[in-house]
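Chain letters run A, B, ... following the sequence lines, proteins first and then strands; every chain starts at 1.
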Amino acid sequence: MSNSFDDMPFFDEEPGEAPRKQQAPAAPARGVPVSGGLAARAMAARGGAQQRPDYLEGLNPEQTEAVETLEGPVLVLAGAGTGKTRVLTTRIAHILNTNRAFPSQILAVTFTNKAAREMKERIAHLVGGAVEGMPWLGTFHSIGVKLLRRHAELVNLRSDFTILDTDDVVRLVKQLIQAEGLDDKRWPAKQFAGMIDTWKNKGLGPADIPEGDARAFANGKGRELYFAYQQRLSTLNACDFGDLLMHPIAIFRKTPDLLKEYHQRFRYILVDEYQDTNTAQYMWLRLLAQRPKGEPQNVCCVGDDDQSIYGWRGAEVDNILRFEKDFPGAKVIKLERNYRSTAHILGAAAHLITHNEGRLGKTLFTDRRDPDDIKVQLHNSWDSEEEARAIGDEIEQLQRNQHKLNDMAILVRASFQMREFEDRFVTLGLNYRVIGGPRFYERLEIRDAMAYFRLVAQPADDLAFERIINTPKRGLGDTTVRALHDYARARDIPMLAAAADIIETDELKPKARKALFDVIQSFRRWQERLENTSHTELAEQILEESGYTDMWKADKTADAPARLDNLKELIRSMESFESMRGFLEHVSLVMDAEQNENLDAVSIMTLHSAKGLEFETVFLPGWEEGLFPHQRSLDETGRAGLEEERRLAYVGLTRAKRRCHLWFVNNRRIHGLWQSTIPSRFLEELPDTHVDVAAVEQSYGGYGRGGGYGQSRFDKAEPFANSHSTPGWKRAQQNRNDATRDNWGSRSGHSVERIGYGEAGPKSRTIDGELVAKSTTTEPSKFKTGDRVFHMKFGNGNIKMIEGNKLTIEFDRAGEKRVLDGFVEPVS
DNA sequence: GTAAGTCTCATTTTT
DNA sequence: TGAGACTTAC
């Protein structure tokens with residue numbers, strides 16, 4: 001995609017008349033680059049010849065149907081590993097090769113830049129380089145920007161508007177909250193920024209938000225603040241991410257003629273990961289895809305309701321469930337043949353997901369009969385440290401058997417779980433890469449540098465101004481900034497302009513005035529160079545002349561050299577862009593940096609970031625109640641939350657091609673407190689026929705085996721260790737068994753307390769017999785200081801201190817620990 | 001303006 | 001427990 005916005009004439013990139021379906025084969029339409037061989041065959045196919053184009057070879061009947069059903073609305077329900085991307089890309093190749101549309105007449109939307117990039121590559125591969133001309137293949141947001149650059153004036157922006165990221169937004173909101181005279185501790189900016197984001201995900205502007213929402217924040221000033229925020233964005237000539245969807249929607253709504261032009265333009269619309277669309281994206285799409293009667297609605301959405309895992313950030317599975325209503329006469333094609341995983345893995349995943357209600361109902365199957373097909377392996381460890389050790393051992397074992405580390409992944413529910421693995425792998429000297437996590441462009445020094453660039457390119461960018469006006473230190477502290485701020489606000493001009501004005505007055509102290517004068521001179525100089533200096537050179541000059549690099553050179557902290565390296569890397573990454581503006585736009589939308597793929601390393605990532613990926617071997621640690629399914633998910637969204645967690649489990653399992661290892665531990669430290677855990681209910685939902693309970697790693701001395709899974713299959717496989725005969729141990733087990741027997745025995749069974757221990761335990765809430773929430777009650781502890789107690793992990797000890805239900809205990813063997821009172825038993 | 005002390009919070013994350 | 005934001009004291 002082009003990186004600059006001013007090189008794009010509107011609607012005139014190709015001949016006025018669209019290519020027709022039945023054009024003369026000898027003369028492909030002007031401007032449609034098709035490779036000879038493929039095109040010829042495609043045309044032959046159209047002409048009734050028997051020969052099918054190459055790219056259709058090897059597709060199964062459903063896939064073929066999904067590729068060839070080009071007219072009318074199509075919903076492709078594509079299960080995990082069923083060749084979804086292949087269908088999507090082949091479909092586009094097919095449209096192009098049969099001359100049904102020019103590349104620029106296809107709108108293809110993805111969620112991530114990565115997906116967009118991959119799709120481009122694959123199409124290029126299929127049609128031989130023609131995708132250069134697919135300007136409308138991209139993320140919702142990048143396409144949104146493109147639309148908005150063209151029609152910015154319709155929503156009171158200039159086409160060189162800035163795109164603010166989350167950090168900028170929070171700072172801006174904070175200013176507004178303070179300007180309102182509100183206490184920004186009581187009403188955190190971050191929270192309100194989150195609310196705005198949620199509203200925009202739903203397509204709600206300040207006037208549309210529910211009264212309740214508006215009242216909920218800042219003593220009822222929610223709506224006002226939202227209005228003020230939008231006002232401020234407009235003044236700053238800026239957009240947040242939500243606006244990239246909201247503004248185009250507004251534009252389409254108020255200028256039907258324009259919308260009509262886009263209707264004519266986009267002859268084919270394709271959407272990937274449709275289950276992840278939020279309401280705003282849905283509205284956006286519907287405006288573009290729904291046509292008056294008689295006009296073609298060639299829209300094709302591809303998705304999998306079973307892989308919808310982004311409900312928490314506004315995705316509406318409903319969109320996919322409702323497709324047939326939105327587009328009457330839609331053809332629904334299910335892809336259920338899986339090409340990725342072995343029968344056992346698939347069987348386990350498919351069975352697990354049947355526990356969800358409200359699905360469209362697909363069942364994955366495979367014809368694969370792998371002679372060495374192994375079942376999903378279930379392991380248990382005493383605690384997370386041992387879990388990391390065991391997985392590390394397993395990985396080393398595989399490595400000895402010539403397996404590549406690149407083919408292995410550890411997928412965790414929450415990122416705090418990663419640490420233990422990293423620690424272990426560092427000890428072992430095992431290469432690993434963490435996917436996700438803090439990104440290049442989020443680093444402090446990068447953001448500072450970017451602020452300089454932004455301010456040069458867009459002098460009205462006050463957020464950038466405030467960020468760097470005193471970085472490096474120039475003696476322009478809070479007082480000066482506030483003065484500038486007030487001055488600028490009073491006259492409704494950008495702060496940089498205000499600064500230029502104010503140095504002509506005597507409002508500032510001479511020292512500050514001088515410093516400010518110098519900065520402004522610098523910016524004037526850089527702005528002049530913007531047009532005639534190469535942007536990489538200019539960037540270097542800015543960082544040098546501003547004293548920014550010197551600041552880090554003078555910095556004696558350990559990470560200063562790394563920061564300087566990052567700045568160099570930043571300049572280097574600018575080289576592939578044609579201009580400073582092009583680069584800035586890229587960064588605001590594509591906040592990722594490439595990873596080193598040459599290194600053979602185990603991947604560690606969250607289940608969320610694993611979606612769309614596949615590995616030979618997948619390790620899934622931490623399958624325990626409270627962590628997975630995550631307690632908070634259950635607390636906040638109840639049944640829906642549980643089902644989303646289950647889909648996450650499904651996503652995890654289906655990432656594995658050949659080997660899948662599940663793990664759960666008996667004890668996990670959460671917020672510094674040791675908690676005894678219960679195996680995830682998802683484990684119970686896996687069919688025996690596809691799961692093996694693997695030999696249990698024994699490495700924690702006499703305390704190695706924990707148990708307490710009531711009448712579950714784990715009992716049979718692994719009888720309790722017999723070395724525990726203390727009363728406390730027995731009682732602890734008894735308690736667990738009591739709790740689990742009631743709840744785990746049968747699915748339809750009632751559910752009472754699963755997490756509680758004894759009378760004083762936390763209370764649980766259930767929905768349809770499934771435990772959904774526990775509320776933590778703060779009943780007085782039944783212990784008193786000095787009591788002798790037993791803990792399953794740490795053994796005997798004496799209570800030193802009690803705070804609510806948290807006990808500080810001096811253990812005989814393990815030293816001082818803080819634990820919850822539910823996990824210790826009195827020793828008489 | 002920095003350094004140390006205090007408070008708070010603790011899923012998932014893209015754009 | 002431990003990281004990060006924020007405050008307070010020099």
- Message: Say we look at B/dT12 and C/dA5: how far apart would their C1' atoms be, to the nearest angstrom?
- Response: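 Straight-line distance between the two C1' atoms is 22 Å.
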- Inter-nucleotide P distance (C/dG4, B/dT13), Å rounded: 16 Å
- Taking only residues two or more places apart in sequence or in another chain, which ones pass salt bridge (charged side-chain N to carboxylate O under 4.0 Å, His left out) with A/D243? A/K200
Interatomic distance where [atom1] belongs to [X] and [atom2] belongs to [N] [whole Å]:
X	N	atom1	atom2	value
A/L148	B/dT15	CG	P	18 Å
A/K174	C/dA5	NZ	C1'	9 Å
A/I670	C/dG2	CD1	P	15 Å
A/K190	C/dG4	NZ	P	11 Å
A/R171	C/dA5	CZ	C1'	15 Å
A/Q307	B/dT13	CD	P	16 Å
A/L444	C/dA5	CG	P	10 Å
A/M551	B/dG1	CE	P	14 Å

With sequence neighbours excluded, residues passing side-chain hydrogen bond (donor to acceptor under 3.5 Å, both in side chains) with [X]:
X	value
A/E422	A/Y432
A/R632	A/E636
A/T277	A/N319

- Note on the structure: Those residues at least two apart in sequence (or on a different chain) that pass side chain to side chain contact (heavy atoms under 4.5 Å, CB included) with A/E420 are A/S384, A/E385, A/A388
Pairs: protein N or O with nucleotides 7-9 of chain C N or O, under 3.5 Å:
| from | atom 1 | to | atom 2 | distance (Å) |
| --- | --- | --- | --- | --- |
| C/dT7 | OP1 | A/K185 | NZ | 3.2 |

- For A/F140, which residues count as a ring pair (Phe, Tyr, Trp, His ring centres under 6.0 Å) partner, sequence neighbours excluded? A/F111, A/W284
- Message: Among residues at least two apart in sequence or on other chains, which ones pass ring pair (Phe, Tyr, Trp, His ring centres under 6.0 Å) with A/W623?
- Response: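 In terms of ring pair (Phe, Tyr, Trp, His ring centres under 6.0 Å), with neighbours along the sequence ignored, A/W623 is linked to A/F628.
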- Note on the structure: 5' to 3', nucleotides 3-12 of chain B under a 4.0 Å protein heavy-atom cut-off (B base, S sugar-phosphate only, - none) gives -------BBB
- Message: Applying salt bridge (Lys or Arg N to Asp or Glu O under 4.0 Å) to A/E585 and A/R581, what does each step give before you reach the verdict?
- Response: CA-CA 6 Å; A/E585 174 150 328; A/R581 285 204 174 91; over 6 Å; no
- Message: Classify the ring geometry of A/Y226 against A/Y229: parallel below 30°, tilted from 30° to 60°, perpendicular beyond 60°.
- Response: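 Tilted.
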